[in-house]
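Read the structure below first, then the notes.
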Amino acid sequence: MSGTLLRWVCTGAALGALCTTAPPAHAAPAPGERPVAELLTDLQRLYRSAEETSETYNATEEKLKEQRARSAGLDRKLAKARASVRDSRGDAGRFARQQYQGTGTLSPYLRLLLARDPQRALDQGRVIRRVAAERAATMRRLVGGEKRADDLAGAAKRALAAQTALAARQKKQRDEVDGRLRDVEELLSSLTVDELAALRQAEEAGTAEAQRKFLASGALGGSPAGRPPSRQGGTALDYAVRQIGRPYKWGAEGPEAFDCSGLTQRAWAHAGREIPRTSQEQWAELRRIPLTKLRPGDLVVYFPKATHVAMYLGDGKVVQAPRPGSRVKVSPIAANPVLGAVRPDPGGRAMHGYTPPKLPAGATSGSDLGYGRTQAPGATDSR
């Protein structure tokens with residue numbers, strides 16, 4: 001995502017006045033000459049809106065996975081409870097038949113009075129009482145089992161309804177993301193070659209200026225190189241670096257394509273650490289750390305709503321899946337407005353003798369405006 005686009009526009013003296021008027025939502029630009037500032041503002045709005053919606057989609061997808069697992073678990077418990085009820089009913093039926101067949105026998109008390117061997121009669125009485133207790137226990141199990149089965153059936157029905165609602169919400173969000181990406185396509189397809197070149201130049205210049213100011217501010221504690229990663233952090237970073245060049249695809253968790261949080265989650269899972277799926281959840285649930293304590297493998301979160309995330313590489317750079325239509329790459333840490341940083345393994349100790357991973361050629365390529373059709377999860381990426 002082009003997170004610094006709006007900031008770049010607003011910091012330019014000649015372009016500052018243009019930042020006061022936001023473009024109308026989903027406005028379709030007409031082909032022809034347009035101010036670069038206006039184009040940057042439009043692209044920033046559209047990309048950011050698309051990524052916010054895609055992260056919402058990802059969160060719903062995670063809830064749907066959890067709900068499916070819950071529904072499956074309830075179905076298993078319900079099947080077990082119904083089998084137990086069938087067994088209890090069988091036992092109850094057997095006892096009922098035995099009782100019916102033995103109705104003509106003397107009562108245990110009368111047998112005791114008439115018995116020649118009272119001790120034997122007492123022993124038989126104990127057996128009879130034990131059998132009666134077993135019958136009573138069987139009836140309690142039957143009644144309790146039927147109630148549990150009824151409760152589980154109701155819970156399973158509610159779980160299925162929740163799953164159906166989540167699936168419908170997910171489909172709606174998928175359509176919303178697709179609509180926002182079509183807006184991006186429409187804008188990009190309306191641009192001339194000269195406008196595209198101007199956008200690239202503006203983006204590269206804006207990134208360089210934002211990075212210069214960020215480092216000069218001392219936000220990284222005066223040492224952009226930072227400190228060595230933990231063992232798990234180094235493993236996660238190695239994985240992320242090996243994905244450089246793979247396409248961004250919203251909703252994707254690898255291994256062939258990634259979105260921003262899909263990359264960070266998969267990298268840390270490769271290192272043996274499970275972290276939440278979305279950038280908002282990663283920001284909310286992982287240990288927050290000052291930027292001055294950043295080490296490779298930590299996650300840098302962007303925008304006020306925590307809608308983008310990248311992995312710190314060191315030396316003031318991050319590895320990220322930037323935005324729709326682009327590829328995993330190395331970027332300056334200030335390529336987007338930084339919200340803060342989190343550490344998936346706060347107890348991990350820094351490695352000794354750490355050697356940074358070797359970057360592939362083209363890992364730090366410049367402007368990438370994300371041209372070309374973006375795709376929904378499951379679609380074939382032919383780029």
Side-chain angles (χ1 to χ4, degrees), residues 1 3-4 7 207-244 258-276 278-322 328-359 363-364:
M1 175 183 289
T4 55
R7 187 175 66 247
T207 297
E209 178 63 12
Q211 182 76 352
R212 185 192 67 77
K213 290 182 177 179
F214 185 83
L215 296 180
S217 71
L220 296 180
S223 178
R227 53 190 55 77
S230 66
R231 188 169 300 279
Q232 280 188 310
T235 301
L237 181 60
D238 286 343
Y239 179 90
V241 167
R242 290 200 302 273
Q243 311 316 308
I244 290 174
F258 299 89
D259 64 13
C260 67
S261 55
L263 175 64
T264 54
Q265 184 198 41
R266 177 59 71 94
W268 271 96
H270 180 77
R273 177 78 172 179
E274 294 296 330
I275 66 174
T278 69
S279 57
Q280 292 99 331
E281 291 171 328
Q282 291 171 10
W283 173 246
E285 298 181 24
L286 299 180
R287 177 74 63 84
R288 297 183 187 180
I289 58 169
L291 293 175
T292 54
K293 295 184 180 292
L294 264 180
R295 66 187 186 191
D298 290 341
L299 306 183
V300 182
V301 183
Y302 296 93
F303 300 110
K305 294 183 181 180
T307 51
H308 186 69
V309 64
M311 183 175 291
Y312 191 59
L313 175 66
D315 199 26
K317 296 182 175 63
V318 295
V319 181
Q320 63 167 337
V328 177
K329 61 185 290 188
V330 173
S331 302
I333 190 174
N336 297 297
V338 176
L339 176 61
V342 294
R343 178 167 293 166
D345 63 334
R349 295 183 178 180
M351 296 172 59
H352 295 292
Y354 172 70
T355 301
K358 184 178 180 181
L359 301 179
T364 58

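Numbering of residues begins at 1 and proceeds along the displayed sequence. Because the structure is predicted, anything quoted here is derived from the model rather than measured.
Judged by distance alone, with hydrogens and angles left aside, the side-chain atoms of R287 form no donor-acceptor pair with the main-chain N or O of P344 at under 3.5 Å. Here the side chain of R227 pairs a donor or acceptor atom with the backbone of L294 at under 3.5 angstrom. Proximity of a side-chain donor or acceptor of R288 to a complementary backbone N or O of W283 within less than 3.5 Å is detected. Within the 3.5 Å criterion, the main-chain N or O of A306 finds a donor-acceptor partner in the side chain of S279. Judged by distance alone, the side chain of Q211 and the main-chain N or O of P332 form no donor-acceptor pair under 3.5 Å.
Note: K358 NZ to D238 CG = 14.0 Å, rounded to the nearest 0.5 Å. A distance of 5.0 Å separates CG of L291 from CZ of F214, quoted to the nearest 0.5 Å. The CD1 atom of I289 sits 3.5 Å away from the CG atom of D298 when rounded to the nearest 0.5 Å. To the nearest 0.5 Å, atoms NZ (K317) and NZ (K329) are separated by 12.5 Å. A distance of 15.0 Å separates CD of Q320 from CD of Q243, quoted to the nearest 0.5 Å.
Between L313 and P296, every side-chain heavy-atom pair lies at or beyond the 4.5 Å cut-off. Side-chain contact between T307 and Y302 is absent, with no heavy atoms from C-beta onward closer than 4.5 Å. Side-chain contact check for V300 versus V309: every heavy-atom pair is 4.5 Å or farther apart. Counting heavy atoms from C-beta outward, V338 and V301 have side chains that stay 4.5 Å or more apart. Between Y312 and I333 there is a side-chain heavy-atom pair separated by less than 4.5 Å.
Partners of R212 under the salt bridge (Lys or Arg N to Asp or Glu O under 4.0 Å) rule, at least two apart in sequence or in another chain, are E209. Under the side-chain contact (heavy atoms from CB on, under 4.5 Å) criterion, A236 pairs with A267, W268, A271, M311, sequence neighbours left out. Under the rule for a side-chain contact (heavy atoms from CB on, under 4.5 Å), the partners of R231 that lie at least two apart in sequence or sit in another chain are M351. With sequence neighbours left out, the salt bridge (Lys or Arg N to Asp or Glu O under 4.0 Å) criterion links D345 to R295. Every residue meeting the side-chain contact (heavy atoms from CB on, under 4.5 Å) condition with P290, not counting sequence neighbours, appears here in chain and number order: T292, K293. Residues meeting the side-chain contact (heavy atoms from CB on, under 4.5 Å) test with I244, sequence neighbours left out: V241, V319, V328, V330, L359, P360, A363.
The shortest non-hydrogen separation linking Q282 to S261 is NE2-O, 3.6 Å. Residues A269 and E274 approach most closely at CB-OE2, 3.9 Å, considering heavy atoms. Nearest heavy atoms, L220 versus G316: CD1-CA, 3.9 Å. The two residues P228 and A350 come nearest to each other via the heavy atoms O-CB, 3.7 Å.
Classification of the H308-F303 ring pair by plane angle, with boundaries at 30° and 60°, yields perpendicular.
For the 3.5 Å distance criterion, the side chains of T278 and E281 qualify, holding a donor opposite an acceptor.
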Inset, instruction - For the pair E285 and Q280, evaluate side-chain contact (heavy atoms from CB on, under 4.5 Å) and give the outcome as yes or no after the intermediate values. - result: CA-CA 9 Å; E285 298 181 24; Q280 292 99 331; over 6 Å; no
